[in-house]
Visitor: 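Below is a structure I'd like to ask you about.
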Amino acid sequence: MAGSDDEHTIAALTGRLILDSHLAWTPEFEIDLTDGGHGRGSAPRGETVSIFEAPSVESRADVFAEAAAQLAGGTFSQASFDAAAGRLAPRWGGQTTLALSIAFHLAARSSTTAGRPPRRSGRPPRLLLNVLNG
């Protein structure tokens with residue numbers, strides 16, 4: 001459904017490391033859409049890191065450039081964005097893909113397409129939780 005109200009084109013994607021409430025580095029992404037939407041998202045690391053989590057982001061500074069190269073310029077709905085980011089989750093980790101998903105969701109909610117007011121409905125991003133970690 002190219003061109004539908006639920007699809008948005010990413011104009012710019014930037015990322016940086018921020019300190020979370022545990023004073024650990026966590027990724028934060030900002031996404032700007034071509035229709036004026038802007039969103040920022042981060043996902044703090046859990047108290048215990050899952051075995052399925054990628055190596056810590058602070059040791060992989062290239063993840064921000066790689067995210068921009070893979071996703072910027074693309075046209076996505078929330079579901080297709082999550083699928084594209086999810087394919088890269090084994091290398092990036094769930095923490096990074098959740099931060100991207102939140103940023104895209106907030107950017108899509110704040111966008112104004114063809115003079116319409118910002119969208120306030122739609123599915124929120126999927127949360128990646130590690131319930132059982134022993």
Side-chain angles (χ1 to χ4, degrees):
M1 247 178 12
S4 77
D5 290 341
D6 293 337
E7 291 188 339
H8 304 278
T9 302
I10 298 174
L13 190 152
T14 57
R16 66 186 149 277
L17 291 173
I18 61 170
L19 286 173
D20 66 12
S21 61
H22 297 283
L23 295 177
W25 294 107
T26 187
E28 179 182 65
F29 289 94
E30 288 192 48
I31 293 180
D32 293 314
L33 303 176
T34 57
D35 59 7
H38 175 79
R40 178 184 298 167
S42 64
R45 186 179 327 207
E47 196 61 36
T48 57
V49 180
S50 165
I51 62 170
F52 300 106
E53 186 64 43
S56 62
V57 175
E58 62 265 20
S59 66
R60 292 208 46 216
D62 61 328
V63 72
F64 302 113
E66 188 179 350
Q70 294 284 332
L71 301 170
T75 301
F76 302 99
S77 65
Q78 184 70 51
S80 65
F81 183 84
D82 287 344
R87 285 190 292 276
L88 300 165
R91 285 200 336 259
W92 293 353
Q95 176 188 18
T96 302
T97 54
L98 177 59
L100 281 164
S101 181
I102 291 169
F104 184 82
H105 176 73
L106 294 174
R109 281 188 52 186
S110 72
S111 71
T112 54
T113 307
R116 292 186 212 116
R119 275 180 60 100
R120 298 291 179 217
S121 62
R123 288 179 55 181
R126 281 188 227 157
L127 295 179
L128 305 172
L129 299 175
N130 183 7
V131 177
L132 300 174
N133 188 2

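Just so you know, these numbers come straight off a predicted model, no measurement behind them.
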Visitor: Going by salt bridge (charged side-chain N to carboxylate O under 4.0 Å, His left out), name the residues that satisfy it together with Arg87, two or more places apart in sequence or in a different chain.
Guide: none
Visitor: I'd like to check Asp32 versus Ile10 (side-chain heavy atoms, cut-off strictly below 4.5 Å). Are they in contact?
Guide: no
Visitor: Taking the side chain as every heavy atom from C-beta outward, state whether Phe29 and Ile102 have any pair of such atoms under 4.5 Å apart.
Guide: no
Visitor: Going by side chain to side chain contact (heavy atoms under 4.5 Å, CB included), name the residues that satisfy it together with Leu88, two or more places apart in sequence or in a different chain.
Guide: Gln70, Arg91, Trp92
Visitor: Rounded at 0.5 Å granularity, tell me how far OG in Ser42 sits from CG in Leu19.
Guide: 11.5 Å
Visitor: Only counting residues at least two apart or in another chain, list the ones meeting side chain to side chain donor-acceptor pair (under 3.5 Å) with Ser77.
Guide: Ser80
Visitor: So, for Leu13 and Ala67, which heavy atoms are closest and what is the spacing to 0.1 Å?
Guide: CD2-CB, 4.0 Å
Visitor: Going by heavy atoms in the side chains, are Trp25 and Ile18 under 4.5 Å from each other?
Guide: no
Visitor: Side chain to side chain contact (heavy atoms under 4.5 Å, CB included) with Ala69: which residues, sequence neighbours excluded?
Guide: none
Visitor: State which residues pass side chain to side chain donor-acceptor pair (under 3.5 Å) with Glu30; sequence neighbours excluded, sorted by chain then number.
Guide: Arg16, His38, Arg40
Visitor: Of all heavy-atom pairs between Ser111 and Asp35, which one has the smallest distance, and what is that distance?
Guide: CB-OD1, 3.2 Å
Visitor: Is it the case that the side chains of Gln78 and Ser101 hold a donor-acceptor pair, with the cut-off being a distance below 3.5 Å and no angle test?
Guide: yes
Visitor: By ring pair (Phe, Tyr, Trp, His ring centres under 6.0 Å), which residues pair with Phe81, not counting sequence neighbours?
Guide: Phe76, Phe104
Visitor: Shortest non-hydrogen contact from Ala103 to Gly41?
Guide: CB-N, 3.6 Å
Visitor: Which pair of non-hydrogen atoms, one from Gly39 and one from Ala107, has the smallest distance, and what is that distance?
Guide: N-CB, 3.5 Å
Visitor: In Å, rounded to the nearest 0.5 Å, how long is the span from CG of Leu100 to CD of Gln95?
Guide: 11.0 Å
Visitor: Give the minimum heavy-atom separation between Pro27 and Phe64, together with the two atoms involved.
Guide: CB-CE2, 4.0 Å
Visitor: List the residues meeting side chain to side chain donor-acceptor pair (under 3.5 Å) with Thr9, not counting sequence neighbours, and say none if there are none.
Guide: Thr75
Visitor: For a quick test of reading the model, state the closest non-hydrogen atom pair linking Ala84 to Leu71 and the distance between them.
Guide: CB-CD2, 4.0 Å
